[in-house]
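Read through the structure below, which is laid out as structure tokens, and then see the notes.
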2 protein chains.
Amino acid sequence: MSDERRKFKRESADQRKEALIQATLSLVAENGVRGATVRAIAERADVTQGLIRHYFSTKEELVTAAYETHMTEMTDLTFAMAAKVRGSARDQLAALVRVSLEPPVAEPRAVALWASFLNKVQQDAQMKATHERTYADFRDRLQDLIRAVLDEAGRSVSDTRLHHLATACNGVIDGLWLEGGALPDAFAPGELPGIGVESVGAIIGLDLEQRAQQP
Amino acid sequence: MSDERRKFKRESADQRKEALIQATLSLVAENGVRGATVRAIAERADVTQGLIRHYFSTKEELVTAAYETHMTEMTDLTFAMAAKVRGSARDQLAALVRVSLEPPVAEPRAVALWASFLNKVQQDAQMKATHERTYADFRDRLQDLIRAVLDEAGRSVSDTRLHHLATACNGVIDGLWLEGGALPDAFAPGELPGIGVESVGAIIGLDLEQRAQQP
DNA sequence: TCACTAATTATACACTTGCATAATTACGAA
DNA sequence: TTCGTAATTATGCAAGTGTATAATTAGTGA
């Protein structure tokens, strides 16, 4: 029998990488990219700093991986939650807007991360590509949904017009998302999703709030 | 006659402070708050680093001053440009939206600064106050303008409704401002102001594009 | 012209940073 | 059980950080 404590535990590579990435993200959210020092990351992941270099050959690599993880999680989460809604295109559009403006998508941490990474995104080509892809994905999906909603309502619009509508709706969503995260106390719970649905409805010229009534 | 070059030139306190603040802002926009080191700031302001401490007792103080300057400049600039427009409330609202979505208000540098400061804003009480005041100022002014536009059109709405409309319009403006600055190549010149005016019009239920025709 | 003073530079220090490299230790295979 | 190896820790280093303090220098008033 030994009462010696193991000095450390071995984990799988995936677990350790994920732990390091999550530690990085929480620190970036709090103090920005430069505030996420290797020592702070190691401490938060309950590991000594040397281990970081064992999994990521440089801090840059870790930060980039953390950004990819975060963006992918956000996109997947948003689409997954919105996809749970079955019903008319109109209901689905309303759900997508709502999900985008509620936690866990819309919350201070997410906005802080977005803001913290912006500098690096504008300089690093790989991160820039991720950023643009994420943006385009969301807007394309939004555009498809808007088209379906308009079809459903028997209205037809030109491609140019549809593109404008999608950009505008994306703008409202992003703007409200931003404000909700940057000024969390300025809005009542549920206020932003409500405003979002109403505004998107106004822009495309349909009332999204009136749910399809089917027992 | 002496061909000795003066080793430095004395400037007024205001000029030096302003130069240091501008150097700080450009560095913050490029590399974030932590990237704006005293040595880099000094170099960009064409000064040795010791001088910074002569005008600002700490780096924190300089950064806070730079933030205040930037936010004040942005607000003043927006309102000043919008105020140049004379005419109906509707025209003024349209002008405010346009100005907010065109350079020099809407440009990558401004968005980068906003993002870079966000972390500090959420932690530092003084900066937080500045942030909230700026936001409230803009939204209140927007709200007043919307009320005037609705009055002009012979429509009346409740205070609650007006508040919602202002928040929504502010959201579109902020969102488009953000996207224009974060993805400058994703939009054609003039595209965002157009979308902004159209969307704000849709939200409040009036066409802002049709100018008042009076010879 | 000549000090006097504040603006500016010069230098130094303690601390943090990312990265490298050596020394341990856990855990599976034999 | 023992042994090998990869995971993990321990230690060190050069460069960069903010700040403090002393040494210069420019411009002003007498």
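Source: prediction; values computed, not measured. Reminder, nothing fancy here: chain letters follow the sequence lines and each chain counts from 1.
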Inset, instruction - Grab the two heavy atoms, one from B:Thr69 and one from B:Ile21, that are nearest each other, plus how far apart they are. - result: OG1-CD1, 3.7 Å
Legend entry - Partner residues of A:Glu198 under the salt bridge (Lys or Arg N to Asp or Glu O under 4.0 Å) criterion, sequence neighbours left out: B:Arg161
Inset, instruction - Dump the intermediate steps for salt bridge (Lys or Arg N to Asp or Glu O under 4.0 Å) on B:Glu30 and B:Arg44, then the final yes or no. - result: CA-CA 13 Å; B:Glu30 290 169 23; B:Arg44 190 158 295 195; 2.8 Å; yes
Inset, instruction - To the nearest Å, give me how far apart CG (B:Asn31) and C1' (C:dT17) are. - result: 16 Å
Inset, instruction - To the nearest 0.5 angstrom, please state how far the CD atom of B:Glu209 sits from the CZ atom of B:Arg90. - result: 11.0 Å
Inset, instruction - Using a cut-off of 6.0 Å, state whether more than 12 heavy atoms not belonging to A:Glu60 lie near its atom CD. - result: no
Inset, instruction - Would you give a per-nucleotide map of nucleotides 6-22 of chain D, 5' to 3', where B means the base has a protein non-hydrogen atom under 4.0 Å away, S means only the sugar-phosphate does, and - means neither? - result: BBBBB-B----BBBBB-
